[in-house]
> 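First, the structure itself, so that you have it in front of you.
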Amino acid sequence: MKRTAAGVEVADVLDQLSSTELFIGGTWRPATDGTSFETVDPATGEPLTDVAEAGEADVDDAVAAARAAFPAWRDTDPDERGRIVHRIGALVREHADALAALESLDQGKPISQAKSDMEGAARYFEYYAGAADKTEGRTVPVGAGQVDYTVREPYGVSAQVTPWNFPGNLFARGIAPALVAGNAVVLKPAEQTPLSSLRLAELCEAAGVPDGVVNVVPGFGDPAGRALTEHEGIDQITFTGSVPTGQAIMRAAADTVTPVTLELGGKNPAIVFPDADLDAAAEWIATAIFTNAGQICSAADRAVVHESVHDELLERVVEIAESHELGAGHEDPDVGPVVSEEQLEKITRYIELGTEEGATLATGGGTPDGDGYFVEPTVFTDVDHEMRIAQEEIFGPVLTVLSFEDEAEALEIANGTDYGLVAGVFTRDVTRAHTFARRLEAGNVYVNKWFGDTNQTPFGGYKYSGIGREKGFEALDSYLQTKNVAIDLGGEGDLPGA
Ligand code: NAI
Ligand code: MG
């Protein structure tokens, strides 16, 4: 497996950032205690730049800034909020190339994938902008003596904690609906990838978002993430990341009775029947496990293949895996590095474990010599459903291939993990496709494709994969609470309140 050397002009890419400090109340400032941390280029392992590290006092300040900014933002005419959010989308689109270069450098992903993330980010702002003046309530028929209606009101301050796999795109996924609904936001990006969020905060401000409505506090899970999600001054939490961290956040939220939207991991099955277009299925599965070096919650982690076409499907996927070249993100390789040394070690441990558990490496499994955090596209076969590599989220370019005899077994394997984020079925049989769509325990089902969702389709998990929905109109429900207003008209037919 060949790997090309990095050679991007780091300074040119970083030049777009006016600061790498904390963005609080519309101004850049260092951490109260002066602490900073380094973010690293995963293609080389070299530090890129220092970033201010938020501590508890900084989180307090950011939450206070958001609280102070909230009432005026809530009361801004919704059409004006919509125009501002639409302008953010236009600015993200205008700067998509530069943002993509920043994301690719900080996170490692191939530049064309980063570009697509940024176009998707622009699209979130554009999509939700139009909803700002359409968050309508209802009138409820309660009889002649009363008028009753509902109003959908913002919660207040939304605390958002994002992961490192799609930092810029997820900034937009959470912030666009939160703003449109009238909330202020404090966002803590992952410590591995803080840069795109800082730049995006700047673009929010340039678009006319008032000071304090969007705040960004780079830092670690502890103290910054913990302090933010435990804070008394927040009213809603949006988190994407691992199950244990999601659970910790949910426990903390219990103390302050704060609603959470959790988008956690997956161990997603791609079920392949003999009547499927096998070439297309192999392409989809390879794309769905090797894009972003497999660091996608909705990756196709498990190919669950009918025994009669197992060898054929395996051969095609292996061929694609072996054709992929590794390289630094800016070279736009097929597969970039994984995000960090820690993640590289985690993936390597799972590859060793797979062999220990008795699975067979059909291809890959190695980490090329040299700098950077690279893992070869890897395919395991002879995988038993009970093995840990078939049950646990690896979050790397590692596909496990399992086989099944009949529909019942396919379903049992597909649903037989703690997760339930996405699932796919490849078949030309329309009855089977619909039956599986109904029986698969997952928030999203793909038929004869993968990553079928767009900004306007709801996305989220069953079981341990999460609570609530991102994207689509459904996401607005995370940022709006319903108030019912009951008015007595007096006179005949009056209904006393229940
Ligand atoms: P993580 O879930 O710990 O980190 C995600 C975010 O949560 C980061 O911003 C982190 O700083 C923050 N965080 C950590 N501890 C926190 C706490 N106690 N309170 C508040 N915020 C906290 O995930 P990590 O350690 O980066 O990755 C470990 C594994 O998690 C990955 O290998 C992968 O399996 C999974 N993961 C899943 C993602 C998804 O999209 N569902 C994204 C990232 C990781
Ligand atoms: Mg980095």
Side-chain angles (χ1 to χ4, degrees), residues 10 13-14 20 37-51 53-54 59 102-109 159-167 169-171 173-174 186-197 216-231 234 237-253 260 262-268 292-299 301 329 336-347 349-350 372-373 392-396 398 419 421-422 459-461 464-466 470:
V10 170
V13 177
L14 295 183
T20 56
F37 65 102
E38 282 174 340
T39 186
V40 161
D41 173 0
T44 62
E46 295 295 318
L48 288 170
T49 182
D50 276 350
V51 177
E53 188 204 327
V59 169
L102 188 66
E103 190 83 315
S104 172
L105 190 62
D106 200 15
Q107 198 273 351
K109 65 178 66 192
Q160 307 209 350
V161 177
T162 55
W164 42 258
N165 55 343
F166 288 87
N169 188 268
L170 297 186
F171 176 106
R173 186 174 84 176
V186 179
L187 179 138
K188 191 206 79 68
E191 55 273 29
Q192 297 85 351
T193 55
L195 299 182
S196 56
S197 297
V216 178
V217 286
F220 291 82
D222 197 6
R226 186 188 46 72
L228 178 60
T229 51
E230 285 177 353
H231 208 286
I234 61 158
I237 299 173
T238 294
F239 171 74
T240 302
S242 66
V243 172
T245 301
Q247 290 168 323
I249 287 174
M250 199 171 168
R251 277 186 208 105
V260 294
L262 305 176
E263 200 254 89
L264 310 177
K267 191 68 184 177
N268 314 299
N292 206 23
Q295 301 162 118
I296 308 186
C297 49
S298 55
D301 308 285
V338 299
V339 74
S340 63
E341 192 167 5
E342 215 181 347
Q343 194 62 20
L344 176 77
E345 282 166 7
K346 177 184 168 189
I347 297 164
R349 278 200 305 278
Y350 271 112
Y373 313 130
E392 298 173 18
E393 186 178 51
I394 300 173
F395 228 61
V398 182
Y419 292 107
L421 192 57
V422 310
F459 182 79
Y464 279 65
S465 291
E470 304 277 359

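Every number for a ligand or one of its atoms is a count from 1 in the order of the listing.
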> For ligand 1 and I394, I'd like to know whether there is a polar contact (N/O to N/O, distance under 3.5 Å).
no
> Just going by heavy-atom distances, which of Q295, K267, K346, E191 is nearest to atom 10 (C) of ligand 1?
E191
> Is ligand 1 under 4.0 Å from a heavy atom in the side chain of L228, in the backbone, in both, or in neither?
neither
> So among T49, L48, D50, V51, which one has a side chain to side chain contact (heavy atoms under 4.5 Å, CB included) with E38?
D50
> With a 3.5 Å cut-off and no angle check, do the side chains of T193 and Q107 form a donor-acceptor pair?
no
> Nearest protein heavy-atom contact for atom 43 (C) of ligand 1: which residue, which atom, what distance?
P163 CB, 3.5 Å
> Determine, considering heavy atoms only, which of G219, A159, C297 sits nearest to atom 39 (C) of ligand 1.
C297
> Can you check which of A190, G221, P194 brings a heavy atom nearest to atom 17 (C) of ligand 1?
G221
> Taking atom 36 (N) of ligand 1 as the point of reference, which of F239, F166, F220, F395 owns the nearest heavy atom?
F395
> Can you figure out which of V243, L187, V161 has its heavy atom closest to atom 12 (C) of ligand 1?
V161
> Would you confirm whether any non-hydrogen atom of the protein falls under 4.0 Å from atom 25 (O) of ligand 1?
no
> Are any of the N/O atoms in D222 less than 3.5 Å from those in ligand 1?
no
> Apply ring-ring contact (aromatic ring centres under 6.0 Å, His included) to Y419 and list each qualifying residue two or more places apart in sequence or on a separate chain.
none
> Near the Mg ion (ligand 2), which protein N/O/S atoms are found at less than 2.8 Å?
T39 OG1, V40 O, D106 O, D106 OD1, Q192 O
